[in-house]
Amino acid sequence: MYGNARWTGGMLAALLLIGDVQAAGPGGIVVAVTPVRQSLTGSDDVVVTVTIRNTSRATRYLPTWQTPFAGVQAPLFDVTRDGLPVTYLGMQAKRREPDRGDFVALRPGAARSVRVELSALYRMDITGAYSVRYRADRLQVYGRPDAARPQGPADVVPLAAAVWIDGRLPRGMPEPPPDVPAGGSGLAFAHCSNAQQVRIAGAVRAGLAMAQDADAYLQDQPLATRYTGWFGTVDNARATTVARHFAAVRDAFATRPITVDCACPLPLYAFVFPNRPYTIHVCKAFWTAPLTGTDSMGGTLLHEMSHFTVVAGTDDWAYGQAAAGRLAGSAPARAVENADSHEYFGENNPYRRLRPKNLSQ
């Protein structure tokens, strides 16, 4: 944690100062960036309020993608950590020529504000003093939505918003190169906020623990109802396949460079492209799941890890505990290839003992 001396006197005042709005230039647009909180931990999201105000006497038009009102779709902010530039991680796109529907209108004197979470867009998991400033060169002002040329760039509040973050990673470390997991953990993130990164790290640990527990159970013969409940009658060939799958899942969690992408807006738990290891895309349902237990975060990651062709190459023959249980009874050959069957075996909920006292457990 940071010491009190870091926040005394004039330095504290400077951190809390957002800055006075300068008189607007020809475009009449002023942008202010204000942090919701100035001091954050590594598990907090970095939220700022962006306010765009028209100080002119005429309606002004702004290209939507140059504002954050429809989500950040370009590097709209200059972000530094301890004076060094921070990498932008968000989207950039080729666009068609804009039409009237691609502009935001601001009437004279009107202002529009939106909150933006920055840690999913910029590398903000390293401890340090951050500065956030809206980029004047990114916001052009038009007098009409069909004008061929902008009147000029917007005027931006000169003093940037200041935020201290006690991040997951130590102060002073360089940013890892793109697509290289940080901190030697084998875990990297894409489009994930600081708070999401902390939850995912816990889910990866939970998924690894489930895979390790399942692997240990499969080595402890004879197999009993924990196995038969999800994979059907014990058959040596099928049991060997399941054991191979969990050994591979365990090793993937423990030794491979996993990337978790948080950009998915779909009402799913998660998805992968089986031939693109080891990137897992987590979606809306993932964030409402418990860490462990049935249909958990850890179990979801185990499920998705089993899909990779280089790991277990599982398929989705049945979803949910009831359907997976029926699959074990009716088609065990498919059960041993079913991802949800692997997840429920790993989650072991309801719990069945690792080392059974008798064949009923």
Side-chain angles (χ1 to χ4, degrees), residues 14-38 45-81 85-124 130-163 191 193 263 265:
L15 285 169
L16 298 177
L17 181 62
I18 303 304
D20 296 325
V21 176
Q22 288 183 328
I29 298 293
V30 175
V31 184
V33 179
T34 308
V36 173
R37 293 170 55 194
Q38 281 88 21
D45 287 342
V46 184
V47 181
V48 298
T49 299
V50 180
T51 300
I52 302 180
R53 183 182 303 278
N54 180 7
T55 64
S56 76
R57 297 180 180 180
T59 299
R60 297 303 185 211
Y61 297 87
L62 312 174
T64 301
W65 69 90
Q66 294 179 2
T67 77
F69 299 138
V72 176
Q73 302 174 19
L76 302 181
F77 302 88
D78 276 326
V79 181
T80 63
R81 178 183 58 255
V86 171
T87 301
Y88 173 66
L89 305 173
M91 68 176 289
Q92 290 185 272
K94 173 180 169 58
R95 300 180 182 279
R96 58 175 173 76
E97 185 176 351
D99 58 28
R100 295 179 68 90
D102 295 317
F103 287 85
V104 175
L106 280 181
R107 296 182 181 278
R112 185 170 175 181
S113 296
V114 66
R115 287 192 174 188
V116 178
E117 202 293 308
L118 290 174
S119 63
L121 300 167
Y122 291 84
R123 189 68 194 258
M124 304 182 83
Y130 288 78
S131 174
V132 181
R133 183 193 303 271
Y134 207 87
R135 292 180 58 177
D137 62 339
R138 283 285 171 177
L139 185 57
Q140 296 176 315
V141 182
Y142 289 76
R144 300 194 321 272
D146 56 355
R149 295 181 180 179
Q151 293 179 322
D155 292 314
V156 178
V157 174
L159 294 182
V163 180
H191 314 110
S193 71

A side-chain contact here means heavy atoms from C-beta on lying under 4.5 Å apart; do [X] and [Y] qualify?
X: I29; Y: T55; result: no
X: L106; Y: T59; result: no
X: R112; Y: F69; result: yes
X: T80; Y: Y130; result: no
X: V31; Y: T51; result: no
X: V132; Y: L118; result: yes
X: V79; Y: S131; result: no
X: V163; Y: Q38; result: no

Run the side chain to side chain contact (heavy atoms under 4.5 Å, CB included) test on Y134 and L139 for me, step by step, so that the C-alpha distance in whole Å, both residues' side-chain angles and the decisive distance to 0.1 Å come before the verdict. CA-CA 9 Å; Y134 207 87; L139 185 57; 4.2 Å; yes
Over all heavy atoms of both residues, which pair between [X] and [Y] is shortest? Give the atoms and the distance, please.
X: G109; Y: R53; result: O-NH1, 4.1 Å
X: A162; Y: P35; result: O-CG, 4.0 Å
X: R81; Y: R123; result: NH1-O, 3.4 Å
X: P63; Y: F103; result: N-CD2, 3.8 Å
X: V72; Y: A74; result: CG1-O, 3.1 Å

V116 pairs by side chain to side chain contact (heavy atoms under 4.5 Å, CB included) with which of L76, V50, T49?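 With V116 as partner, L76, V50, T49 yield a single side chain to side chain contact (heavy atoms under 4.5 Å, CB included), made by V50.
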So, applying side chain to side chain contact (heavy atoms under 4.5 Å, CB included) with D45, which one of R37, E117, R115, M124 is it?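 Testing each of R37, E117, R115, M124 against D45, the sole residue satisfying side chain to side chain contact (heavy atoms under 4.5 Å, CB included) is E117.
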Quick check: does any side chain N or O of [X] sit under 3.5 Å from a backbone N or O of [Y], one acting as donor and the other as acceptor?
X: S193; Y: A120; result: no
X: Q73; Y: Q66; result: no
X: N54; Y: A110; result: no

Could you check F77 against V33 for side chain to side chain contact (heavy atoms under 4.5 Å, CB included), going step by step and ending with a plain yes or no? CA-CA 10 Å; F77 302 88; V33 179; 4.2 Å; yes
With side chain to side chain contact (heavy atoms under 4.5 Å, CB included) as the test, would you mind laying out the steps for T34 and V48 before giving the verdict? CA-CA 5 Å; T34 308; V48 298; over 6 Å; no
Assess R60 against Y142: is NZ or CZ under 6.0 Å from the centre of the six-membered ring, and within 45 degrees of the ring's axis? no
Euclidean distance, Y61 OH relative to R100 CZ, rounded to 0.5 Å: 6.5 Å
